[in-house]
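This report refers to the structure that appears directly beneath it.
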Amino acid sequence: MSQASYDRIVKAADAIREVCGEAEIGLILGSGLSDSVTLEDPKVIAYQDIPDFPVSTAIGHKSEWVSGTLGGKRVCMMRGRFHYYEGWTGEDIVLPVRVMKLLGVKTLIVTNAAGGVNLGFTPGDLMLITDVINYSGVNPLIGPNIDEFGPRFPDMSRALDPALGELARSCARRMGITLREGVYMWFSGPSYETPAEIRMARVLGADAVGMSTVPEIIAARHCGINVLGITCITNMAAGILDQPLSHTEVLETGKRVQADFTALIRRVVREM
Ligand code: HPA
């Protein structure tokens with residue numbers, strides 16, 4: 001099974017390399033943000049044209065792989081990521097991260113939309129992810145270890161790279177963008193959390209909750225890719241405000257802060 005998994009990744013990477021070439025930086029962008037970053041000299045391949053590659057079904061997500069340059073750096077980017085709640089396995093969800101590894105990626109930037117748990121946050125805030133809590137009950141590395149990528153028991157004590165975090169802080173400061181910081185907790189979804197779950201999340205140390213990103217971070221660390229994570233707090237989590245949560249609100253807030261978010265990502269990539 002391990003060999004089949006590895007062969008699948010190699011095949012996908014070969015197909016992408018042929019159209020898009022290699023890259024040093026990978027970008028996986030969340031709901032409502034996947035259109036916001038544009039690359040120079042883009043080369044695009046649709047997920048459906050990559051052998052045995054999943055196709056995103058989540059609203060607000062496209063299904064294409066783009067490579068190009070940004071600030072003189074070779075960047076590859078997923079427009080559309082895969083979520084556990086769509087029914088994909090852990091292995092499917094992290095396939096693109098492993099493909100990135102084979103394409104030469106050393107640094108991964110992940111972004112997402114999340115509910116704010118920290119009562120000091122406001123919808124529209126950007127948050128540097130300083131650490132994560134895997135509350136989904138799954139781990140994308142379950143199954144035979146793929147030794148070509150990393151060890152059976154990878155260290156997660158620096159899930160998010162401190163130097164990249166410092167660079168993001170510095171860029172945000174110079175751009176006049178407020179960048180909050182905190183812990184992102186992964187719930188499987190697709191139902192939003194209950195108010196009781198959000199109170200629990202706060203007690204356990206979460207500042208934001210969402211349905212993505214953690215599996216990609218785990219797979220990236222497994223294969224030695226450094227990660228920067230930035231969250232857009234699109235709504236306050238369940239039970240904090242006297243109003244129901246909606247995906248429309250998530251997408252609308254994402255749109256509202258898209259310009260700042262994009263500018264920050266571009267600046268960070270340029271200064272890497
Ligand atoms: N919970 C989980 N995922 C989310 C939320 C939320 O409140 N907002 C955006 N993604």
Side-chain angles (χ1 to χ4, degrees), residues 27-36 56-62 78-88 90 93 109-140 159-160 178-218 229-258 260-262 264-265:
L27 239 56
I28 302 180
L29 306 174
S31 308
L33 297 161
S34 73
D35 287 332
S36 61
S56 15
T57 67
I59 307 161
H61 288 261
K62 287 192 175 175
M78 294 182 75
R79 286 202 204 278
R81 61 144 58 102
F82 310 117
H83 304 81
Y84 190 53
Y85 64 73
E86 294 173 90
W88 302 113
I93 295 168
I109 302 180
V110 283
T111 75
N112 57 42
V117 172
N118 185 321
L119 298 174
F121 290 175
T122 309
D125 280 348
L126 299 183
M127 183 193 90
L128 174 69
I129 304 176
T130 54
D131 205 349
V132 296
I133 300 173
N134 181 357
Y135 194 71
S136 68
V138 295
N139 187 301
L160 285 303
T178 302
L179 186 59
R180 314 257 178 220
E181 302 196 7
V183 172
Y184 175 93
M185 188 167 184
W186 178 31
F187 280 80
S188 74
S191 50
Y192 287 115
E193 302 73 28
T194 63
E197 285 164 347
I198 294 305
R199 289 193 298 275
M200 173 197 71
R202 189 176 302 116
V203 168
L204 294 182
D207 296 286
V209 291
M211 306 176 192
S212 67
T213 303
V214 173
E216 290 100 324
I217 292 174
I218 293 171
I230 301 180
T231 287
C232 174
I233 304 295
T234 51
N235 56 282
M236 292 313 287
I240 295 177
L241 305 176
D242 189 21
Q243 64 186 49
L245 273 57
S246 82
H247 190 57
T248 309
E249 181 191 9
V250 169
L251 294 180
E252 282 175 0
T253 311
K255 272 233 139 42
R256 181 158 63 76
V257 299
Q258 187 167 301
D260 270 2
F261 209 160
T262 308
L264 179 59
I265 300 293

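In each ligand, atom 1 is the first atom listed, and ligand 1 is the first ligand listed.
Under the 30°/60° scheme for interplanar angles, the aromatic rings of Phe187 and Tyr135 are found to be tilted.
Atoms OG1 and CZ, on Thr122 and Arg180 in that order, are 6.0 Å from each other to the nearest 0.5 Å. Note that CG of Asp207 is 11.5 Å distant from CG of Asp125, once rounded to the nearest 0.5 Å.
A donor-acceptor contact shorter than 3.5 Å links the side chain of Asn134 to the backbone of Val138. Remark: side-chain polar atoms of Thr111 are paired, donor with acceptor, to backbone N or O of Gly30 under 3.5 angstrom. Although no hydrogens or angles enter the test, the distance criterion places a donor-acceptor pair under 3.5 Å between the side chain of Tyr184 and the main chain of Ser212.
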May I have the N/O to N/O pairs between ligand 1 and the protein that fall below 3.5 Å, each with atom names and distance to one decimal?
from	atom 1	to	atom 2	distance (Å)
ligand 1	1 (N)	Glu193	OE1	2.8
ligand 1	1 (N)	Glu193	OE2	3.4
ligand 1	7 (O)	Asn235	ND2	3.0
ligand 1	8 (N)	Gly115	N	3.3
ligand 1	8 (N)	Asn235	OD1	2.6
ligand 1	10 (N)	Ala113	O	3.4

